[in-house]
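What follows is a single structure, written as structure tokens, with notes after it.
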Amino acid sequence: MTARLVFRNIGRTFGAGRDATVAVKGVNLSLERGSFTAMIGRSGCGKSTLLHIAAGLDTGYEGSFAREPAGATLACLFQQPRLLPWQSARNNVAFVLEGRGVGKREARRRADEMIDLVGLGAAAGKFPAQLSGGMQQRVSLARALVVDPDLLLMDEPFSALDELTAARLREELVSLCSHKERTVLFATHNIQEACYLADRVIVLSAHPGTVVADVGVDVPRPRHIDDPRLVEIAAHVRSFVDHPAYPSASAEAAA
Amino acid sequence: MTVMPTAAGAGAPSDKSADIAEPRVVPPSSGLWLAAADLGVPTTEPTTLTDRWRSGLYIVASLLLLALVWQALSYLVGADVLPGPVASILAIEQSNREGYLWSDIGITAFRIVGAFLIALAAALAIGTLLGRSRLAERLFGPWVTIGASIPSLVIIVIVYLSVGVNDHAAMVGTALIVAPPMTFAVWDGIRAINPELQEMARAFAVPKFTILWRVILPQTTPFIFTAARTGLSLTWRLMIFVELLGRSSGVGYRIQYFYNLVDMKRVMAAALPFIALMLLFEFCALRPLERWAFRWRRAEAK
């Protein structure tokens, strides 16, 4: 039961009166079941806003948003690991299961399995402060996957890591996600990363965030990051981001 | 209390175990460690058994040295002005024989607990309100600052005059002095709640009550613990003073009594057991509890 997401004419304004900022405007997007979509754009283009709406954390938007089926299981991976510092890695993963009514013992067992799967078996009993940034993000990945989500939302999950760790985690994400069809929405400002991971890259403009391009990545998996086809697609995506009219002019013309 | 973004230990791309973290030091992000530093006790933890023995030996050596200096001073200025440690400890036995050693301590301890609980309740309520409401913070925040800067004596005298010279007044007066600094600590704790963790839990569809209980409250406990510990040590030091001013029982009263008789030895005898008891409580109950409850803050790899 993977999920389908439909954004229809979504707008979101923060603040009011003269201080109001329009974060996103007129966004129409539909994410098919089992698709992996990357959103790319500079900071302030509304990536996080759209993810918040998709996660159900933000309900103050205009337009309509639907998650089908409504009861789809959802998991998030954030830029920061957002672990509970007073809980061990294992309990951090078990926490979200327990929050869903899974018994303590069963939750810990499944947490241990998942922590093994992300390669942290030996560190299951450690506190987050005892782990490196990359390991913390791994725990966070385990926490996202342990609920077996139909929909996985990721907000620049690797951008706070050094490039070597990020590259390794990216590969693991691909291998861990390939077991099951899930719908994935992934925000990033790394064009290469977007093309490597996704089936489809959405380019957003900033102030306000609107969709300026929708690029399919029709390269079979497993992929290699240096694949010339990916490089070519990345260059194509970059042409939208680097467009002289990029930030707002083209968006206003489109609107 | 956000986890710092770190790229530590991620240099070697060879295998997963390679980025097992080197022990990192968590910055002292709250007053928790400051409180320990107040007493001049190093906050680094002894790790091995021999280390622990060694640090225990140093404590014994330190106490012996203190006793030695004390004895030497006593010889220098005269035993009637400053009785030495042995004479003072022998005088405790005299208090015990006269039958008020334990009753004094019991009465004072009861008043301390009463005052402490009143102060804690007030600090929790006011600190939470100030931390949650911007309006309350603006309107009443300055009151806490003002309260903290009123001299203790003024508060005690006012409370004794308005409530009457009784146990209730002693407890309320002490609580009024102790509550403002405790309120600051609780206030800080409420402000330090990280909304990102709540957001995470909400995204994973964790129920509201579970979020409160397992995400929000644990973030404030280090601050509440700091508030409680510093509050308690302030309370017991103050209570003796409050008793001295207006009670006819308890350790403070006994000190005043022998002060009037200019019996320095018995003043020592009244104060020493109480000080020892409070230190024991601090080191044998509060410290271990704190170490256990907040072990996640010590980032040593085990």
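In what follows, chains are A, B, ... by sequence order, proteins preceding strands, each numbered from 1.
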Q: Sort out for me which of B:T221, B:V215, B:I211 touches chain A most, counting heavy-atom pairs under 4.5 Å.
A: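 Winner by heavy-atom pair count: B:V215.
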
Q: Using a cut-off of under 4.5 Å on heavy-atom pairs, state which of A:V147, A:L153, A:V96 scores highest against chain B.
A: A:V96

Q. Side chain, backbone, both or neither: which part of A:E98 has an atom under 4.5 Å from a heavy atom of chain B?
A. side chain

Q: Could you walk me through whether A:S159 and A:Q79 pass the side chain to side chain donor-acceptor pair (under 3.5 Å) test, one step at a time?
A: CA-CA 7 Å; A:S159 67; A:Q79 183 174 1; 3.1 Å; yes

Q: Output all residues satisfying side-chain contact (heavy atoms from CB on, under 4.5 Å) with A:D112, sequence neighbours left out; order by chain, then residue number.
A: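 So A:D112 forms a side-chain contact (heavy atoms from CB on, under 4.5 Å) with A:R90, A:A124.
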
Q) What pairs with B:A123 under side-chain contact (heavy atoms from CB on, under 4.5 Å), at least two apart in sequence or on another chain? A)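 For B:A123 the side-chain contact (heavy atoms from CB on, under 4.5 Å) partners, ignoring immediate neighbours, are B:M182, B:T183, B:V186.
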
(Q) If we count only N and O atoms by modelled type, under 3.5 Å, do the side chains of A:T2 and A:D150 hold a donor and an acceptor together? (A) no

